[in-house]
S.K.: 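Would you mind keeping the following structure in view while I ask a few things?
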Amino acid sequence: MNESQKILLVGAGGTLGRAVHALLDERGHQVVTASRTGADLHVDITDPASVRSLYEQLADRHGPVDAVACAAGSVPWRPLAELTTEDVRASLEGKVVSQIELVRQGAARLPAHASYTLVTGILAREPLRTGSVAALANGAVESFVRAAALELPGRQRINAVSPTVFEESLGAYGDTFAGHDAVPVRRAANAYVKSIEGHRTGQVFLVE
């Protein structure tokens, strides 16, 4: 039987976040949700000040947590010829800097045994048309995870979950993922369980 943990779940309202929340609940964990709306705690992870406030609220209202799991991170999808500098910055801020801030600010606040689970995606290894900045962001997060694992304090761990497109979201992408086998979102949620309940660090768990 797994030991119950208190987990901060960021991005709990999305397709992936809801699946992760449901599975963690099933496994007996206590989940504190964070999102821009409709969650236990408010956060805009693209704003470092908001991330700082999130950790302050968490400490005041819920006490220390054993794990931080992020299921949030947005990137623009646009043909290379139409990309602007703002698109590139939005991709980096929406998925890379935002998740790094969760780890950077959390490292000094979380217990020595705590873990972080970030989210990337298949474009880091299988680029698609209109997805160049998404590929950039995913690859950057994965590189950060491998490097940060060497420097986190105490016994803190960090991993990433890198899924392909979800069955539940396939319709929203049209033919973008033609030829790719979609997976049920619960498979990606199970990779979060592997990261949170396991002992590995610096890993990218592929879900495909």
S.K.: State whether a side-chain donor-acceptor pair under 3.5 Å links Glu168 with Thr15.
M.R.: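 On atom types as modelled, these side chains do not qualify, holding no pair under 3.5 Å.
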S.K.: Enter the distance from Glu101:CD to Ser50:OG here, rounded to the nearest 0.5 Å.
M.R.: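 Output value for this atom pair is 11.0 Å.
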S.K.: Could you state the interatomic distance from CD (Glu208) to CD1 (Ile122), rounded to the nearest 0.5 Å?
M.R.: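 Rounded to the nearest 0.5 Å, the CD-CD1 separation comes to 5.5 Å.
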S.K.: Are Leu123 and Val75 in one and the same hydrophobic cluster, where Ile, Leu, Val, Met, Phe, Trp and Tyr link if side-chain heavy atoms are under 4.5 Å apart?
M.R.: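 Result: yes, single cluster for both.
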S.K.: Is any side-chain heavy atom of Leu110 closer than 4.5 Å to a side-chain heavy atom of Val68?
M.R.: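 SC-SC contact between Leu110 and Val68 confirmed.
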S.K.: Can you hop from Val185 to Val207 via hydrophobic side chains spaced under 4.5 Å?
M.R.: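 In one cluster with Val185: Val207, yes.
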S.K.: If you define the side chain from C-beta out and look only at heavy atoms, does anything of Ser162 sit under 4.5 Å from Glu142?
M.R.: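 They are in contact (side-chain heavy atoms under 4.5 Å apart), so the answer is yes.
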S.K.: Can you find a pair of side-chain heavy atoms, one from Glu197 and one from Arg27, that are under 4.5 Å apart?
M.R.: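 Yes, at least one pair of side-chain atoms sits under 4.5 Å.
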S.K.: Answer whether the closest heavy-atom distance between the side chains of Thr33 and Val10 falls below 4.5 Å.
M.R.: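 When only atoms from C-beta onward are counted, Val10 and Thr33 do not touch, as no gap falls below 4.5 Å.
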S.K.: So, His42 versus Gln57: side-chain donor-acceptor pair below 3.5 Å or not?
M.R.: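 No, no side-chain donor-acceptor pair sits under 3.5 Å.
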S.K.: For Arg61, I'd like to know if atom CZ has over 12 heavy atoms of other residues, nucleotides or ligands within 6.0 Å.
M.R.: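 Check passes, neighbour count above 12.
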S.K.: Counting N and O atoms only, with roles assigned by atom type, does the side chain of Lys6 sit under 3.5 Å from a partner on the main chain of His62, one being a donor and the other an acceptor?
M.R.: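 Yes, because the side chain of Lys6 sits within donor-acceptor range (under 3.5 Å) of the backbone of His62.
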S.K.: Measure the shortest side-chain to side-chain distance between Ser98 and Glu93 over non-hydrogen atoms and say whether it is less than 4.5 angstrom.
M.R.: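 Contact flag for Ser98/Glu93 side chains = no.
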S.K.: Val51 and Tyr55: side-chain contact (heavy atoms from CB on, under 4.5 Å), yes or no, with the steps?
M.R.: CA-CA 6 Å; Val51 174; Tyr55 279 121; 3.9 Å; yes
S.K.: Minimum heavy-atom separation for Ala124 and Gly139, please, with both atom names.
M.R.: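 Minimum heavy-atom separation between Ala124 and Gly139: CB-N, 3.8 Å.
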S.K.: Can you check whether Tyr116 reaches Gln99 side chain to side chain, under 4.5 Å on heavy atoms?
M.R.: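 A side-chain contact under 4.5 Å is absent here.
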S.K.: Work out which heavy atom in Ser91 is nearest to a heavy atom in Ala134; give both atom names and the distance.
M.R.: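 Where Ser91 meets Ala134 most closely, the heavy atoms are OG-N, 4.3 Å.
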S.K.: Identify which one of Leu41, Asp40, Val43 satisfies the side chain to side chain contact (heavy atoms under 4.5 Å, CB included) criterion when paired with Leu58.
M.R.: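 So, applying the side chain to side chain contact (heavy atoms under 4.5 Å, CB included) to Leu58 and each of Leu41, Asp40, Val43, only Leu41 qualifies.
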S.K.: Treating Arg146 as the side-chain partner and Gly202 as the backbone partner, does any N or O pair qualify as donor plus acceptor under 3.5 Å?
M.R.: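 Looks like no, no N/O pair under 3.5 Å.
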S.K.: Before giving the answer on side-chain contact (heavy atoms from CB on, under 4.5 Å), spell out for Thr120 and Val161 the whole-Å C-alpha distance, their side-chain angles and the decisive distance to 0.1 Å.
M.R.: CA-CA 6 Å; Thr120 67; Val161 173; over 6 Å; no
S.K.: Return the minimal non-hydrogen interatomic distance between Pro153 and Ala107, and the atom names on each side.
M.R.: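 Minimum heavy-atom separation between Pro153 and Ala107: CG-O, 3.6 Å.
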S.K.: Would you mind checking if Asp87 and Arg78 are paired as a salt bridge, meaning a charged N to carboxylate O distance below 4.0 Å?
M.R.: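 Answer for the salt bridge query: yes.
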S.K.: Is it true that a side-chain atom of Tyr192 and a backbone atom of Cys70 form a donor plus acceptor pair closer than 3.5 Å?
M.R.: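 Checked: pair present.
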S.K.: The criterion is side chain to side chain donor-acceptor pair (under 3.5 Å); which residues satisfy it with Thr117, sequence neighbours excluded?
M.R.: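 Here the qualifying residues are Ser195.
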S.K.: More than 12 heavy atoms of other residues, nucleotides or ligands under 6.0 Å from CG of Asp181: is that the case?
M.R.: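 Counting neighbours around CG of Asp181, 12 or fewer heavy atoms of other residues, nucleotides or ligands fall under 6.0 Å, so no.
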S.K.: Please report the closest heavy-atom contact between Ala72 and Gly11, naming both atoms and the distance.
M.R.: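 Taking Ala72 first and Gly11 second, the nearest heavy atoms are CB-CA, 3.8 Å.
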S.K.: Mind checking the CD-OG1 spacing from Glu126 to Thr164? Nearest 0.5 Å is all I need.
M.R.: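 It is 7.0 Å, given to the nearest 0.5 Å.
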S.K.: Does some side-chain heavy atom of Trp77 sit less than 4.5 Å from a side-chain heavy atom of Tyr173?
M.R.: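 Yes. Closest side-chain heavy atoms under 4.5 Å.
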S.K.: Contact between Asp66 and His113 at the side-chain level, heavy atoms closer than 4.5 Å - yes or no?
M.R.: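 Yes - at least one pair of side-chain heavy atoms lies under 4.5 Å apart.
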S.K.: Leu92, Val145: one ILVMFWY side-chain cluster at the under-4.5 Å cut-off?
M.R.: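 They do share one cluster, since a chain of ILVMFWY contacts under 4.5 Å joins Leu92 to Val145.
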S.K.: Test side-chain contact (heavy atoms from CB on, under 4.5 Å) on Gln30 and Asp25; report intermediate values, then the result.
M.R.: CA-CA 7 Å; Gln30 179 184 347; Asp25 275 345; over 6 Å; no
S.K.: Stepwise, does the side-chain contact (heavy atoms from CB on, under 4.5 Å) test hold for Phe166 with Arg187?
M.R.: CA-CA 9 Å; Phe166 301 134; Arg187 280 189 55 193; over 6 Å; no
S.K.: Please check this pair: side chain of Asn159 against backbone of Arg200, looking for a donor-acceptor N/O pair closer than 3.5 Å.
M.R.: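 Yes: the side chain of Asn159 pairs with the backbone of Arg200.
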S.K.: Can you tell me how far apart CG (Leu118) and CD1 (Ile158) are? Round to the nearest 0.5 Å.
M.R.: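 Leu118 CG to Ile158 CD1: 4.5 Å, rounded to 0.5 Å.
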S.K.: Could you see if Val32 belongs to whatever hydrophobic cluster contains Ile196? Use Ile, Leu, Val, Met, Phe, Trp, Tyr and a side-chain cutoff under 4.5 Å.
M.R.: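 No.
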S.K.: Rounded to the nearest 0.5 Å, how far does CZ of Arg157 lie from CD of Gln203?
M.R.: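 Gln203 CD to Arg157 CZ: 10.5 Å, rounded to 0.5 Å.
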S.K.: Starting at CZ of Arg104, measure out to CZ of Arg52 and round the result to the nearest 0.5 Å.
M.R.: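 Between Arg104 CZ and Arg52 CZ, I get 9.0 Å after rounding to 0.5 Å.
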S.K.: Quick one: do Val88 and Val96 end up in the same hydrophobic cluster if we chain Ile, Leu, Val, Met, Phe, Trp and Tyr together by side-chain heavy atoms under 4.5 Å apart?
M.R.: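 Yes; tracing contacts between hydrophobic side chains, which count when under 4.5 Å, links both residues.
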